[in-house]
Enquirer: 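Following this message is one structure expressed as structure tokens.
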Amino acid sequence: MSLNAHPELPEFDYIRPASLMDASRFLAQHAGEARPMLGGTDIFVRMRDGMWHDQYLVDVKNLDGTDKLHFDPQAGLILGAGVNMNRVMVSPEVQTRYPLLADACRSVASYQLRTRATIVGNICNASPAGDTIGACLVLGGVLDVHGVNGYREIPLAGFFLGPGKTILQPGDIVTAIRFPLPPQGNTGVYLKLGRNTWSDLSIVGVTVYGYPDASAASGYRFRIALASVAPVPLIPRDAEAYLSQNPIGRETIRAAANLAAESCSPIDDVRGSAKYRKAMVKNLTRKGLEKVWESVNRKA
Amino acid sequence: MNIIGQSTPRLDAISKVTGEAKFPGDLNLPNQAYMKILFAARPHAIVRRIDTSKAEALPGVIAVFTAKDVPVNEYGLIMPDQPVLCGPGSSKPYTDHVRWVGDQVALVVAETEEIAAKGRNLIEVDYEGLPLVTDPQNAMQADAPVLHPDRGSNIFCHYRIRKGDVDAAFADSDVIVEGEYRTPAQEHAYLQPEAGLGYIDEQGRVAVQVAGQWTHEDQEQIAHALGLPLEQVRVIYPAIGGAFGGREDMSVQIVLALAVWRLNQRGINRPVKIIWSREESIVGHHKRHPYILKAKWGAKKDGKLVAAQVEVIADGGGYAYTSTKVLGNATLMCTGPYEIPNVKVDSYAVYTNNAVTGAFRGFGGPQGAFEAETQMNRLAEILEIDPIEIRRRNLLTEGSLLSVGTPLPKGVSLPQVVDRLKVESSRLKDNLRSFARLKAGSSTANPSASSVQALQPHIKRGIGYGAAYKNVGFSFGAPEQSTAIVELFGAAEIERAIVHHAGADVGQGTHTIMAQIAAETLGIPLARVQMIVSDTAVTGNSGSASASRLTFMAGNSIKGACEQALEKWRSEERPVSVTFQYRPPRTTPLDPQTGKSEPNFAYGYVAQAVTVEVDTETGHVRILDVISVDDVGKAINPQQVQGQIEGAVVQAAGYAVLENFVQKDGRVLTDKFSNYLIPTVLDVPERVQSVILEYPDPIGPYGARGMAEMPYLPFAPAVIAAVHDAIGVWFHEFPLTPERVLRGLGKL
């Protein structure tokens with residue numbers, strides 16, 4: 001414990017570049033002492049607590065269209081990096097076609113925080129507890145990344161390396177996350193377990209998504225993402241595969257939930273023990289799968 | 001009566017709502033400097049060397065103070081066992097020892113807060129680590145490292161009660177219930193972190209404006225440490241953002257005074273301001289004591305208690321604070337509000353390197369009540385007697401002898417309180433029955449939307465009960481008084497009354513209550529009463545805002561002053577000025593061998609029923625209904641009384657299920673509100689019914705008893721009993737975190 005008595009924001013320079021290229025170049029030139037900033041809801045806490053000491057915060061909101069939310073009936077959804085969570089929640093396209101995203105946003109902190117917080121920021125912060133990351137993973141999110149050499153795409157699934165660590169390089173700025181059109185008959189749920197009723201960081205978060213898929217032996221495809229149970233947001237591949245290969249029913253769901261619990265490697269902290277987290281992954285994955293399965297059936 | 005019994009608006013309501021009210025952190029004076037404190041941030045060490053030269057050389061740093069600058073380097077509400085600043089250079093031995101992470105080592109005064117923080121970070125301190133003592137039971141062992149070497153033992157308080165013959169009574173019991181109980185630390189979590197402004201006032205006094213609970217005690221503590229006569233020190237309380245016992249001991253009071261006084265000696269006459277961060281507040285002030293209580297109770301088949309034996313161990317942390325008084329309360333209350341013919345209690349307060357512990361709403365009562373009420377609820381289960389009925393057969397009544405061998409003061413209303421709870425809580429039992437029928441499918445009623453979720457098989461509901469009594473005012477022979485000054489102005493009629501009192505309005509509304517008592521007694525409208533409050537320069541000593549005592553004690557002093565003033569007014573004296581000191585009936589300390597004593601001069605009584613819902617898949621406990629029946633004697637302001645009941649219930653609900661203060665190796669792991677959670681509006685009980693009874697206290701002002709702590713006491717054990725009713729598991733430890741509940745269910 002440092003007991004940094006009265007932690008306060010250290011001095012830093014606020015940089016407002018004119019273009020994404022300016023921003024990327026500045027960030028690359030000041031690698032290790034500059035950081036791209038969106039809503040700042042994680043950055044300011046870390047700087048205040050003395051965990052981060054960046055000299056420059058580079059505001060990348062509103063640059064070259066990073067503030068747009070756009071749905072295209074052919075291409076799917078684009079969420080610009082600067083779109084705050086409350087905007088995501090009230091978007092009619094999100095509500096009708098990607099309601100899971102809205103649910104995930106709704107579980108984050110409070111209304112006030114969500115007017116600043118962004119989904120892309122949640123992703124780049126790379127906390128295993130990030131509440132919106134699971135939805136982005138199961139919906140097949142792809143990141144648009146602008147670096148010193150221009151744009152490239154990074155599928156979200158391979159993005160995370162560890163707590164707070166991603167494959168981004170100095171100069172990289174995530175400008176948007178894109179989602180393909182959702183498959184017919186899909187349903188998703190996000191089950192978040194906190195210590196209190198609302199606003200706590202998740203002890204465990206379980207995202208479950210499912211839809212009919214003729215290419216799967218079971219006739220269905222389920223996607224699962226787990227928060228706060230591994231160094232990175234976790235996709236329990238064994239559980240997903242099991243559900244695609246075995247006829248869906250109570251027993252299969254139970255077995256898949258067990259596989260999900262086995263795949264995680266949580267830690268003990270003040271919010272909960274590893275043992276409790278594992279048990280909750282099992283219970284919540286089962287519950288999530290049952291809910292999704294029931295709803296997918298109803299739609300079919 | 002036309003003012004007492006009315007829910008008149010709070011005197012400070014508008015200023016609090018508009019933001020006009022000034023809290024300590026809002027106060028500023030021209031040319032003020034800013035202070036930062038260097039905390040030890042380690043739980044047990046000797047300060048070998050402090051080098052402040054780099055900090056002093058930093059441009060903008062005005063001064064750095066360490067132990068050598070403190071004339072009398074000690075303080076403490078009950079015993080002066082704590083250094084003001086830890087380090088070498090004091091005349092008193094062992095003041096260079098650090099005994100908890102929140103010990104203060106140095107003060108930096110600078111032109112700005114930022115420079116003060118930088119200066120603080122430049123101070124070099126060499127520590128020699130000492131072995132840690134974090135388990136209170138280990139701390140009691142003869143070979144344990146001793147925190148205060150001049151004392152020879154970590155046990156700094158031991159009380160005994162010996163009434164009758166417990167061994168014979170156990171042999172004669174039909175049933176014996178035993179249990180070892182543990183209660184957690186709790187953070188006060190008041191809205192306003194510690195802050196203050198110190199300066200030399202116009203009469204040359206060292207003045208501090210801070211949030212505290214007892215102006216005159218703060219004044220004494222400051223004067224003692226600075227070696228100044230009392231009248232050279234002035235303490236003023238502006239608006240206070242909550243206290244709950246957490247401001248009874250010193251935080252920034254002495255060090256602020258020290259800084260302005262030492263600066264003044266150097267020819268620098270500048271005010272000094274400090275504001276603690278939330279982290280500093282959580283680490284820097286005391287917590288509710290964690291207790292270990294080992295109980296063995298015996299009863300006859302009909303539920304009549306015959307014997308109780310309890311061992312009580314309080315983790316006192318590094319310094320005594322108010323531990324000895326808190327322990328006294330627990331010693332009395334660990335046998336519950338019951339008449340038990342044979343009692344043996346041994347209680348201990350023990351030094352450890354954990355967070356210091358002291359006053360917190362209930363003051364040892366909640367810890368004692370948790371063990372006593374859980375013992376009682378378990379006894380009811382074993383004997384298959386209704387939990388309210390078994391209490392009814394054992395309650396203290398008028399003339400009953402306490403465990404300490406003396407009767408309670410007159411006006412004991414426990415039977416009425418418990419009987420009323422029985423009536424009021426019957427609907428909760430009915431609700432549970434119809435819920436059970438619905439769940440079993442034997443009812444055709446349509447479930448309400450809210451209960452559909454609850455009909456799932458893993459959701460269980462239950463009900464639990466608790467009862468308690470709690471003293472009003474200082475106990476066990478502690479000097480107790482309250483002084484008020486009343487002035488009357490006018491000609492034919494009283495046009496203006498000025499009431500001076502020092503009782504701290506910590507947010508509970510005391511100034512309003514005092515104004516109501518004055519207006520009622522003088523027979524004038526409330527608008528003609530002017531309050532001059534909480535300033536040692538112009539008010540008498542009212543005693544502390546603690547022990548549910550201000551309405552009773554300060555109220556009696558103001559009532560007495562007003563009555564005398566009125567007499568003088570009637571004999572044509574103009575203007576009138578009266579100083580009146582109220583002294584309650586005296587109390588006596590526990591006899592060292594038998595505990596025999598007259599512990600208190602007044603009590604308040606309470607009983608509660610609580611229903612809960614338990615999710616057996618996640619372990620979450622949700623509190624549904626609370627019925628709190630409180631005998632308050634007389635509700636001077638019923639709305640404020642209801643506010644106190646609801647506030648106590650919410651705070652106790654946090655204590656029972658949510659608030660988890662985690663320490664490891666003497667370090668606080670939950671030093672923020674993001675990891676130490678208190679109930680939000682969504683976590684509080686769904687419904688709280690406050691049933692206010694008014695059986696007058698024979699000596700309370702207008703019959704009023706104290707009431708602010710009482711509803712806190714039975715709550716946690718009532719929740720524990722409700723959870724047991726829901727899932728069949730007794731918990732001997734709380735908070736009932738989801739994880740603890742699942743473990744109790746054998747699912748982890």
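Order of the sequence lines sets the chain letters (A, B, ...), proteins ahead of strands, with each chain counted from 1. Only heavy atoms go into these numbers, but all of them, side chains included; no hydrogens, no water, no symmetry mates.
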Enquirer: Hey, does the side chain of A:Arg106 reach the backbone of A:Asn86 with a donor-acceptor pair shorter than 3.5 angstrom?
Expert: no
Enquirer: Take A:Trp52 and A:Phe12 through the ring-ring contact (aromatic ring centres under 6.0 Å, His included) test and state the conclusion after the steps.
Expert: CA-CA 11 Å; A:Trp52 287 353; A:Phe12 60 88; over 10 Å; no
Enquirer: Give, as side chain, backbone, both or neither, the part of A:Lys287 having an atom under 4.5 angstrom from any heavy atom of chain B.
Expert: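 For A:Lys287, side-chain heavy atoms alone lie under 4.5 Å from chain B.
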Enquirer: Please look at B:Thr618 and chain A and tell me whether the side chain, the backbone, both or neither of the residue comes under 4.5 angstrom of a heavy atom of that chain.
Expert: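 Contact with chain A: backbone and side chain both.
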Enquirer: Is a side-chain N or O of A:Thr285 found less than 3.5 angstrom from the main chain of A:Lys282, in a donor-acceptor match?
Expert: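 Here the side-chain-to-backbone pair does not exist.
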Enquirer: Measure distances from B:Lys672 to the heavy atoms of chain A and classify the residue's part below 4.5 Å as side chain, backbone, both or neither.
Expert: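 For B:Lys672, the side chain is the part near chain A, not the backbone.
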Enquirer: Does a donor on one side chain and an acceptor on the other come within less than 3.5 Å for A:Asn84 and A:Thr118?
Expert: no
Enquirer: Yes or no on ring-ring contact (aromatic ring centres under 6.0 Å, His included) for B:Phe734 and B:Tyr655, after CA distance, side-chain angles and deciding distance?
Expert: CA-CA 8 Å; B:Phe734 61 99; B:Tyr655 185 50; 4.8 Å; yes
Enquirer: What pairs of residues pass the salt bridge (Lys or Arg N to Asp or Glu O under 4.0 Å) test when at least one of them lies in residues 733-748 of chain B, not counting sequence neighbours?
Expert: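 Every pair satisfying salt bridge (Lys or Arg N to Asp or Glu O under 4.0 Å) with a residue in residues 733-748 of chain B: B:Glu733-B:Arg740, B:Glu739-B:Arg743.
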Enquirer: Is a salt bridge present between A:Asp49 and A:Arg46, judged by a nitrogen-to-oxygen distance below 4.0 Å?
Expert: no
Enquirer: What part of B:Leu658 is in contact with chain A, defined as an atom under 4.5 angstrom from a non-hydrogen atom: side chain, backbone, both or neither?
Expert: side chain
Enquirer: Please output the residues of residues 267-275 of chain A in contact with chain B, using a heavy-atom cutoff of under 4.5 Å, in numerical order.
Expert: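 Under the 4.5 Å heavy-atom cut-off, A:Val270, A:Gly272, A:Ser273, A:Lys275 qualify.
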Enquirer: Given that the side chain runs from C-beta out, which part of B:Ser281 has a heavy atom under 4.5 Å from chain A: side chain, backbone, both or neither?
Expert: neither
Enquirer: Top residue by heavy-atom pair count (under 4.5 Å) with chain B, among A:Asp200, A:Leu201, A:Val45?
Expert: A:Asp200
Enquirer: Set out, in order, the CA-CA distance, both residues' side-chain angles and the distance that settles ring-ring contact (aromatic ring centres under 6.0 Å, His included) for B:Tyr190 and B:His285, then state yes or no.
Expert: CA-CA 11 Å; B:Tyr190 24 69; B:His285 77 255; 5.0 Å; yes
Enquirer: Check whether the side chains of A:Asp131 and A:Tyr190 place a donor and an acceptor atom closer than 3.5 Å, and report yes or no.
Expert: yes
Enquirer: Any sub-3.5 Å donor-acceptor pair from A:Asn246's side-chain atoms to A:Leu243's backbone N or O?
Expert: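 No; zero donor-acceptor contacts below 3.5 Å.
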Enquirer: Side chain, backbone, both or neither: which part of B:Leu682 has an atom under 4.5 Å from a heavy atom of chain A?
Expert: both
Enquirer: For A:Arg277, is it the side chain, the backbone, both or neither that has a heavy atom under 4.5 Å from a heavy atom of chain B?
Expert: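 It is neither, since no heavy atom gets under 4.5 Å.
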